[in-house]
**Student:** 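This is the structure I want to talk about, given as structure tokens.
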Amino acid sequence: MARVAIVTGATGGIGAKFVEEISKFSDIDQVWATGRNLGKLEALASANSKVVVVEADLATDGVDVIDNLIRNYKPDIKMLVNNAGVAYMGKFEDMKCDQIEGFCNVNCTAPTKLISLALPYMHEGAKIINVASASSFQPNPYLTMYSATKVYLKNFSRALNMELKNRGISVTCSCPYWVDTGMLPREKDGKKINYPGMVSVDKVVNKALRDSKAGREMSVPGFFANYFRIYSKLTPTAIVMRQWITGIKKYL
Ligand SMILES: NC(=O)c1ccc[n+]([C@@H]2O[C@H](COP(=O)([O-])OP(=O)(O)OC[C@H]3O[C@@H](n4cnc5c(N)ncnc54)[C@H](OP(=O)(O)O)[C@@H]3O)[C@@H](O)[C@H]2O)c1
């Protein structure tokens, strides 16, 4: 039985790094790299013999694609990394209903269903990593759905980690602040956008894998994210939200 890790959002900055690092693990035979961009998935596979390409759109029928693979191959799932995510910065009232549905599917429904589908194939010592965000530490106006969906993922992860302790399966929630990936626009109307405390994908992924190995429920990489986590606990939410709006309004 193949020992498998499943990584969603494998074509992106953080996901590709997860694939690279996890494929070095001696107890993993295959890394199922999922995403929509077939060209990028094939490039990952041609550079790494453990990578299995899984083209799956998690906004639509992608969970069914992965479900079918799991049912057919019946792997020993050692690790599931729910990393795929979408972000939208702007007014919520400009979002259309189909965009809202796809957003919830990718950020909430897909990770939840994939865990449910993977659990029957996971054994003691298996690991789940969910990539949420420091946006889950407080509500972020104009990033409204993003921060709300990441709160869902964080609370789901933490509660599930406790539920799964009796099976020896850990759930670790990674909550980075800004990360240097293609998700972040670099300029708006010719103005360079600054991302204070931005960290590298290496830092996020290496910390998440260390925290997962140690069975920790939270993984918060870098000084800025840790500072912000404490600051947003101690400061009234209305003040944190106003400061956030002040910081981003020139980019809206
Ligand atoms: N960058 C940051 O500042 C930051 C900070 C905190 C948390 N995060 C979180 O980190 C995770 C990875 O993001 P990233 O920064 O690496 O961004 P990225 O480079 O844009 O990667 C996003 C990944 O999600 C996948 N994805 C998006 N929509 C999808 C869909 N409908 N179906 C399947 N896959 C889909 C993309 O794959 P395809 O394009 O191939 O579909 C891509 O692999 C996300 O959950 C994000 O919220 C990022």
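For the single chain, residues carry numbers from 1 onward in sequence order. Atoms within each ligand, like the ligands themselves, are counted from 1 in listed order.
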**Student:** Between E217 and R158 (salt bridge meaning N to carboxylate O under 4.0 Å), is one present in this structure?
**Tutor:**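 Yes.
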**Student:** At a 4.0 Å threshold, what atoms of ligand 1 neighbour a non-hydrogen atom of W178?
**Tutor:** 3 (O)
**Student:** If we set the cut-off at 4.0 Å for heavy atoms, which region of A132 has an atom near ligand 1: side chain, backbone, both, or neither?
**Tutor:**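 Contact part for A132 vs ligand 1: backbone (N, CA, C, O).
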**Student:** For the pair N226 (side chain) and V220 (backbone), establish whether a donor and an acceptor sit closer than 3.5 Å, ignoring hydrogens and angles.
**Tutor:**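 Here the side-chain-to-backbone pair exists.
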**Student:** If we set the cut-off at 4.0 Å for heavy atoms, which region of I14 has an atom near ligand 1: side chain, backbone, both, or neither?
**Tutor:**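 Near ligand 1, I14 shows its backbone as well as its side chain.
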**Student:** If you measure every N or O of G13 against every N or O of ligand 1, does any of those distances drop under 3.5 Å?
**Tutor:**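 By distance alone, the answer is yes.
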**Student:** Starting from atom 31 (N) of ligand 1, what is the nearest protein heavy atom, named by residue and atom, and what distance separates them?
**Tutor:**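 For atom 31 (N) of ligand 1, the nearest protein heavy atom is D57 OD1, 2.8 Å.
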**Student:** Could you tell me which atoms of ligand 1, counted from 1 in the order shown, lie closer than 4.0 angstrom to a heavy atom of L184?
**Tutor:**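 So the atoms of ligand 1 that pass are 3 (O).
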**Student:** I want to know whether F103 and Y88 have ring centres closer than 6.0 Å.
**Tutor:**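 Judged by ring-centre distance (under 6.0 Å), F103 and Y88 do not meet the cut-off.
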**Student:** Tell me which one of I115, V151, V171 satisfies side chain to side chain contact (heavy atoms under 4.5 Å, CB included) with F156.
**Tutor:**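 Running side chain to side chain contact (heavy atoms under 4.5 Å, CB included) over I115, V151, V171 with F156 returns exactly one hit, I115.
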**Student:** For atom 22 (C) of ligand 1, what is the closest protein heavy atom, and at what distance to 0.1 Å?
**Tutor:**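 Residue, atom and distance for the closest contact: G85 O, 3.9 Å.
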**Student:** Answer with side chain, backbone, both or neither: which part of T181 has a heavy atom less than 4.0 angstrom from an atom of ligand 1?
**Tutor:**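 Side chain only; the backbone of T181 stays clear of ligand 1.
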**Student:** Which ligand 1 atoms are under 4.0 Å away from a heavy-atom of V106?
**Tutor:** 30 (C), 31 (N)
**Student:** With no hydrogens and no angle check, is any side-chain donor or acceptor of N140 less than 3.5 Å from a backbone partner on S147?
**Tutor:** no
**Student:** Return the option from R36, M183, K17 holding the heavy atom at the smallest distance from atom 35 (C) of ligand 1.
**Tutor:** R36
**Student:** Under 4.0 Å from ligand 1, counting heavy atoms only, is it the side chain of N83, its backbone, both or neither?
**Tutor:** both
**Student:** Nearest non-hydrogen contact with atom 8 (N) of ligand 1 belongs to which option: Y146, F18, F103?
**Tutor:** Y146
**Student:** Please report which non-hydrogen protein atom sits nearest to atom 23 (C) of ligand 1, along with the residue it belongs to and the distance in Å to one decimal place.
**Tutor:** G9 CA, 3.8 Å
**Student:** Using a 4.0 Å cutoff against the non-hydrogen atoms of S133, which atoms of ligand 1 qualify?
**Tutor:**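 Answer, ordered by atom number: 6 (C), 7 (C).
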**Student:** Within the structure, does V179 bring an N/O atom to less than 3.5 angstrom of an N/O atom in ligand 1?
**Tutor:** yes
**Student:** Can you find a pair of side-chain heavy atoms, one from I22 and one from L209, that are under 4.5 Å apart?
**Tutor:**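 Yes, their side chains come closer than 4.5 Å.
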**Student:** For ligand 1, is there an atom lying under 4.0 Å from some heavy atom of C175?
**Tutor:**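 Judged by the 4.0 Å heavy-atom criterion, C175 does not count as contacting ligand 1.
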**Student:** Looking at atom 5 (C) of ligand 1, what's its closest protein heavy atom, distance included?
**Tutor:**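 Here the nearest protein heavy atom works out to Y177 O, 3.0 Å.
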**Student:** Considering only NZ, NE, NH1 and NH2 on the basic side and carboxylate oxygens on the acidic side, decide whether D27 and R3 come within less than 4.0 Å.
**Tutor:** no
**Student:** Evaluate L58 for polar contact with ligand 1, using N/O atom pairs at a separation under 3.5 Å.
**Tutor:** yes
**Student:** Looking only at atom types and distance, does a side-chain atom of K127 sit under 3.5 Å from a main-chain N or O of S212, one as donor and one as acceptor?
**Tutor:**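 Side chain of K127 to backbone of S212, a donor-acceptor pair under 3.5 Å: yes, one is there.
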**Student:** Here's a test for you: under side chain to side chain contact (heavy atoms under 4.5 Å, CB included), which of N82, I70, V81 qualifies with I6?
**Tutor:**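 It is I70, the one option of N82, I70, V81 that forms the side chain to side chain contact (heavy atoms under 4.5 Å, CB included) with I6.
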**Student:** Charged N to carboxylate O below 4.0 Å: is that the case for E21 and K17?
**Tutor:** yes
**Student:** What do we get for T11 next to ligand 1 when only non-hydrogen atoms under 4.0 Å count, side chain, backbone, both or neither?
**Tutor:** both
**Student:** Can an N or O of P176 be found at a distance shorter than 3.5 Å from an N or O of ligand 1?
**Tutor:** no
**Student:** Considering only non-hydrogen protein atoms, determine which one is nearest to atom 34 (N) of ligand 1 and report residue, atom name and distance to 0.1 Å.
**Tutor:** A84 CB, 3.9 Å
**Student:** With the threshold set at 4.0 Å, does a side-chain nitrogen-carboxylate oxygen contact exist between R71 and D64?
**Tutor:** no
**Student:** Could you see which bit of A87 sits under 4.0 Å from ligand 1, with heavy atoms only: side chain, backbone, both or neither?
**Tutor:**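 Neither; nothing of A87 gets under 4.0 Å from ligand 1.
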**Student:** How many angstroms lie between atom CD1 of I28 and atom NZ of K78, to the nearest 0.5 angstrom?
**Tutor:**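 Between I28 CD1 and K78 NZ, I get 7.0 Å after rounding to 0.5 Å.
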**Student:** May I ask you to identify, for M198, whether its side chain, its backbone, both or neither come under 4.0 Å of ligand 1 on a heavy-atom basis?
**Tutor:**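 Answer for M198: neither.
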**Student:** Taking the side chain from T144 and the backbone from Y142, do they hold a donor-acceptor pair closer than 3.5 Å?
**Tutor:**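 Pair found, side chain donor or acceptor close to backbone of Y142.
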**Student:** If you count the atoms of ligand 1 from 1 in the order shown, which ones are under 4.0 Å from a heavy atom of V86?
**Tutor:** 27 (C), 28 (N)
**Student:** Mark up the atoms of ligand 1 that fall under 4.0 Å of a heavy atom belonging to A56, in ascending order.
**Tutor:** 32 (N), 33 (C)
**Student:** Show me which atoms of ligand 1 lie under 4.0 Å from any heavy atom of V131.
**Tutor:**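 Listed by number with element: 9 (C), 10 (O), 11 (C), 45 (O).
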**Student:** Below the 3.5 angstrom mark, is there an N/O of G12, backbone or side chain, next to an N/O of ligand 1?
**Tutor:**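 Yes, G12 has an N/O under 3.5 Å of an N/O on ligand 1.
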**Student:** The test is salt bridge (charged side-chain N to carboxylate O under 4.0 Å, His left out); show your working for D180 and R186 and say whether it passes.
**Tutor:** CA-CA 10 Å; D180 190 4; R186 298 308 156 126; 3.1 Å; yes
**Student:** Taking the inter-plane angle between the rings of F228 and Y177 on a 0 to 90° scale, is it parallel (under 30°), tilted (30 to 60°) or perpendicular (over 60°)?
**Tutor:** perpendicular
**Student:** Would you find a donor on one side and an acceptor on the other, under 3.5 Å apart, between the side chain of S23 and the backbone of E20?
**Tutor:**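 Checking the backbone N and O of E20 against the side chain of S23, a donor-acceptor pair under 3.5 Å is found.
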**Student:** Can you sort out which atoms of ligand 1 are near A59, meaning under 4.0 Å from one of its heavy atoms?
**Tutor:** 31 (N)
